[in-house]
Peer 1: 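Got a structure for you, questions after.
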There are 2 protein chains.
Amino acid sequence: MRAQRRNSREKILAAAADVARESGPGSLSLDAVASRAGVSKGGLLYNFPTKAKLMQGLVEGYLRDFEQALETANSNDDGKNPLAVYIRLSADDCEEKRPSASWIFSAIAEDPDFMTPIKTFKRQLFERLKGETSDLKSLLVCYLAIEGLRSMNLFDSDVLSKDERELLVASLLEIASSPDAHQASGTQS
Amino acid sequence: MRAQRRNSREKILAAAADVARESGPGSLSLDAVASRAGVSKGGLLYNFPTKAKLMQGLVEGYLRDFEQALETANSNDDGKNPLAVYIRLSADDCEEKRPSASWIFSAIAEDPDFMTPIKTFKRQLFERLKGETSDLKSLLVCYLAIEGLRSMNLFDSDVLSKDERELLVASLLEIASSPDAHQASGTQS
DNA sequence: TTTACTGTACCGTCTGGACGGTCTTGTCAA
DNA sequence: TTGACAAGACCGTCCAGACGGTACAGTAAA
């Protein structure tokens, strides 16, 4: 029963995310994470020698997962429209009722520098999209709107109804696919 | 030198925001705020009996200021286009290099419930805009994009260049000034 | 034997907050 | 005008508790 071997890391990471979501970002203590993960505090510190390392693990896992999801989504819908793929993927992410990354608040509270990897990731992503999208205006509007959706999900303050969210995503996809006139007035949805 | 009388509250609130921005949201301790505000800890606790009350004061002040700014902006540009007014106001807010509300992270870390007033405020704002905007699609896209801009500013991860931001705002204003104005029956309450 | 833990005991630091004291200002009777 | 007194605004100290982290002995699988 004892030695869980190997996958303790993942369990700890998941437990940390759970604790942050359920007990609030300020209550992410090592003790709480350890007991939630079914691991002793010693065991936790064995896998992550400091709290900062734990946070770092959270960030890296998040970025890795996201990049991977984006890659597979892009290869499935190959070459057609990377912006549209990004919109769909993000919209699906934000569909989840439970904010997937509320541990970010814990990380920021711990040390704002934990955001830098995320920032650079986002910057690279944006630059890539800029290179792959013909119309800058469309990109800006869509990217920012998705960022807004993400923000809402993160803060757990979903103002939109299901219909509205679907309409939004449809509008964004429309804007993303029509380079030039995004004055979508005449065409009914 | 001692008795600052009366405006200590404002000074403390400003100091708290400064500390949160400069020392990181996790380092917002009462001692730090007190020393920053040029007030003793006892004096701080006199004005705000608990840390929670301090946070509450921060939230209320923020909401009050924002509502006021929105009101004056709307009365200056009367009746024309509330969505456009909101866009312009928010864009100006986000122009500031220093995130105006990074104390929010402190508040969330302290207790996620501090977000509820902000959430309800945003919900009301959105509903109001919905009542005042003819085209739902335009509203959704613009509102979310602004939310994205806010998010970026808050996280201090500005991906956009100055030109890009201006182009974005221009695009949003263009979208906001939707061509069909018939649907606006009884916009006033 | 090594790896991967468990469990316990412990330490130093930091933090919110309670408490009692102090200075300032306003009020009002004499 | 003055002196007594109350209330308001603020200071400085102290403390219990929580937290991150260390140290170390034990244990079970590979």
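Proteins get letters first, then strands, A, B, ... in listed order; numbering begins at 1 in each.
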Peer 1: Should Leu149(A) and Leu160(A) be marked as a side-chain contact (heavy atoms from CB on, under 4.5 Å) after you check the CA-CA gap, both sets of side-chain angles, and the distance that decides it?
Peer 2: CA-CA 10 Å; Leu149(A) 211 62; Leu160(A) 307 180; 4.2 Å; yes
Peer 1: Establish, with yes or no, whether the OP1 or OP2 oxygen of dC10(D) is under 4.0 angstrom from a side-chain nitrogen or oxygen of Asn47(B).
Peer 2: yes
Peer 1: Could you tell me the separation between the NZ atom of Lys51(A) and the P atom of dT22(D), rounded to a whole number of Å?
Peer 2: 14 Å
Peer 1: Assess whether side-chain contact (heavy atoms from CB on, under 4.5 Å) is satisfied between Lys119(A) and Val159(B), documenting all intermediate values.
Peer 2: CA-CA 8 Å; Lys119(A) 285 186 204 171; Val159(B) 165; over 6 Å; no
Peer 1: Using whole Å, report how far CD of Glu110(A) lies from C1' of dC14(C).
Peer 2: 13 Å
Peer 1: Take atom NZ of Lys53(B) and atom P of dG16(C), then tell me their distance rounded to the nearest Å.
Peer 2: 17 Å
Peer 1: So that I can tick it off, tell me whether Glu127(A) and Arg123(A) are bridged by a salt bridge, with the cut-off set at under 4.0 angstrom between side-chain N and carboxylate O.
Peer 2: no
Peer 1: Does any donor atom in the side chain of Ser90(A) or Arg150(A) lie under 3.5 Å from an acceptor atom in the other side chain?
Peer 2: yes
Peer 1: Counting heavy atoms from C-beta on, name the nucleotide in dG20(D), dG17(C), dT6(C) closest to the side chain of Lys41(A).
Peer 2: dG20(D)
Peer 1: Between dG20(D), dG17(C), dC10(D), spot the one nearest the side chain of Ser8(B), thanks.
Peer 2: dC10(D)
Peer 1: To the nearest Å, give me how far apart CG (Leu45(B)) and C1' (dG16(C)) are.
Peer 2: 8 Å
Peer 1: Is the shortest side-chain N/O distance from Tyr46(A) to OP1 or OP2 of dC5(C) below 4.0 Å?
Peer 2: no
Peer 1: Nearest-Å distance, CZ (Arg9(A)) to C1' (dC5(C))?
Peer 2: 15 Å
Peer 1: Is any side-chain heavy atom of Leu70(A) closer than 4.5 Å to a side-chain heavy atom of Arg128(A)?
Peer 2: yes
Peer 1: Please evaluate residues Phe126(A) and Tyr86(A) with respect to the criterion ring pair (Phe, Tyr, Trp, His ring centres under 6.0 Å), reporting the C-alpha separation (whole Å), side-chain torsions for both, the decisive distance (0.1 Å), and the verdict.
Peer 2: CA-CA 11 Å; Phe126(A) 182 69; Tyr86(A) 174 67; 9.7 Å; no
Peer 1: For the residue pair Phe155(A) and Phe105(A), categorise the inter-ring angle as parallel (less than 30°), tilted (30 to 60°) or perpendicular (more than 60°).
Peer 2: tilted
Peer 1: Starting at CG of Leu44(A) and ending at C1' of dT22(D), how long is that distance when rounded to a whole Å?
Peer 2: 14 Å
Peer 1: Would you tell me if any nitrogen or oxygen in the side chain of Ser40(A) comes within less than 4.0 Å of OP1 or OP2 on dC5(C)?
Peer 2: no
Peer 1: What's the CZ-C1' distance between Phe48(B) and dC10(D), to the nearest Å?
Peer 2: 14 Å
Peer 1: Going by number, which of residues 18-30 of chain B have a non-hydrogen atom under 4.0 Å from DNA chain C?
Peer 2: Leu28(B), Ser29(B), Leu30(B)
Peer 1: Taking CG from Asp31(A) and P from dA9(C), how many angstroms apart are they, rounded to a whole number?
Peer 2: 14 Å
